[in-house]
Amino acid sequence: MDIVLVDTSVWINFFKANETGSSLFLKNNLSNIIVATCPVIVQEVLQGILSDKEFKVVSSYFNTLTKFSDNPYELALDAARLYRDIRKAGFTIRKPNDCLIASYAIKNNVKLLHDDKDFYYIAMNSGLQVQST
């Protein structure tokens with residue numbers, strides 16, 4: 001079974017029932033893939049939740065996922081290098097956390113499922129693999 005790192009952009013659409021190619025892929029393949037997460041994705045998703053009840057539900061759900069817990073300092077350096085390399089190639093990534101998320105996917109050699117166009121620029125200029133939908 002493939003491991004797929006699911007980006008914040010997909011989780012937001014998934015939990016709000018916004019049907020995008022990626023959120024539908026996640027919905028339709030939950031039993032066919034191993035869903036992974038990392039600290040920055042958990043933070044981004046949970047910080048946007050207003051209701052305490054929903055926070056508890058989503059937090060519990062994230063506890064069931066495969067968690068990447070690589071060395072945060074190594075990943076910060078990888079993400080900074082990735083951001084700089086892509087900027088040198090002529091693209092500016094809008095959210096530097098996207099480079100951190102991409103670094104988790106690259107380091108763990110897994111595909112990233114996303115709804116964020118910046119990941120296409122990252123993939124074009126790095127070893128990031130994106131999940132097709």
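- If you take NZ on Lys67 and CD1 on Ile41, they are separated by 13.0 Å, rounding to the nearest 0.5 Å.
- Closest approach of Cys38 and Leu5 over heavy atoms only: N-CD1, 4.1 Å.
- For the side-chain hydrogen bond (donor to acceptor under 3.5 Å, both in side chains) condition, the pairs that include at least one residue of residues 88-98, sequence neighbours left out, are Glu44-Asn97, Arg94-Asp116, Arg94-Asp118, Lys95-Asp116.
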Give the C-alpha distance, both sets of side-chain angles, the deciding distance and a yes or no for side chain to side chain contact (heavy atoms under 4.5 Å, CB included) between Asn18 and Ser23. CA-CA 7 Å; Asn18 294 333; Ser23 67; 5.5 Å; no
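- When all heavy atoms of Cys99 and Ile93 are compared, the pair lying nearest together is SG-CG1, 4.1 Å.
- Atom CD1 in Ile86 sits 4.0 Å away from atom CG in Leu82 (nearest 0.5 Å).
- Sorted by first then second residue, the ring-ring contact (aromatic ring centres under 6.0 Å, His included) pairs that include residues 73-92, not counting sequence neighbours, are Phe91-Tyr121.
- Residue Val35 forms a side chain to side chain contact (heavy atoms under 4.5 Å, CB included) with just one option from Leu113, Thr66, Val4, Leu26, and that option is Leu26.
- A perpendicular orientation is assigned to the rings of Trp11 and Phe14, their planes being inclined by more than 60° (bins at 30° and 60°).
- Looking at Lys56, its side chain never comes within 3.5 Å of a backbone N or O of Asp52 through a donor-acceptor pair.
- The side chain to side chain contact (heavy atoms under 4.5 Å, CB included) test with Phe25 singles out one residue from Thr20, Ile33, Val10, and that residue is Ile33.
- With sequence neighbours left out, the salt bridge (Lys or Arg N to Asp or Glu O under 4.0 Å) criterion links Arg81 to Asp78.
- A chain of hydrophobic side-chain contacts below 4.5 Å, direct or via other Ile, Leu, Val, Met, Phe, Trp or Tyr residues, connects Leu112 to Phe62.
- Residues Val42 and Ile12 do not share a hydrophobic cluster, defined by chaining ILVMFWY side chains whose heavy atoms lie under 4.5 Å apart.
- Note that the OH atom of Tyr61 and the CG atom of Leu46 stand 13.0 Å from one another [nearest 0.5 Å].
- The backbone N or O of Ser9 lies less than 3.5 Å from a partner atom in the side chain of Asp7, making a donor-acceptor pair.
- To the nearest 0.5 angstrom, Ser103 atom OG is 12.5 Å from Phe68 atom CZ.
- The closest side-chain donor-acceptor pair between Gln129 and Asn109 falls under 3.5 angstrom.
- Contact annotation: the side chain of Ile34 never approaches that of Asp2 to less than 4.5 Å [non-hydrogen atoms, C-beta and beyond].
- Using a 3.5 Å distance cut-off with no hydrogens or angles, the side chains of Asn125 and Asp85 do not pair a donor with an acceptor.
- Legend: residues meeting salt bridge (Lys or Arg N to Asp or Glu O under 4.0 Å) with Lys107, ordered by chain and number and at least two apart, are Glu74.
- Judged as a side chain to side chain donor-acceptor pair (under 3.5 Å), and not counting sequence neighbours, Thr133 has no contacts.
- Within the structure, the ring-ring contact (aromatic ring centres under 6.0 Å, His included) test picks out the following pairs touching residues 94-118 (sequence neighbours left out): His114-Phe119, His114-Tyr120.
- Following chains of ILVMFWY side-chain contacts shorter than 4.5 Å, one cannot reach Val57 starting from Phe15, and the two form parts of different hydrophobic clusters.
- Distance CG/Leu24 to CG/Asn13: 9.5 Å, rounded to 0.5 Å.
- Linking Ile, Leu, Val, Met, Phe, Trp and Tyr whenever their side-chain heavy atoms come within less than 4.5 Å leaves Leu77 and Ile122 in two separate clusters.
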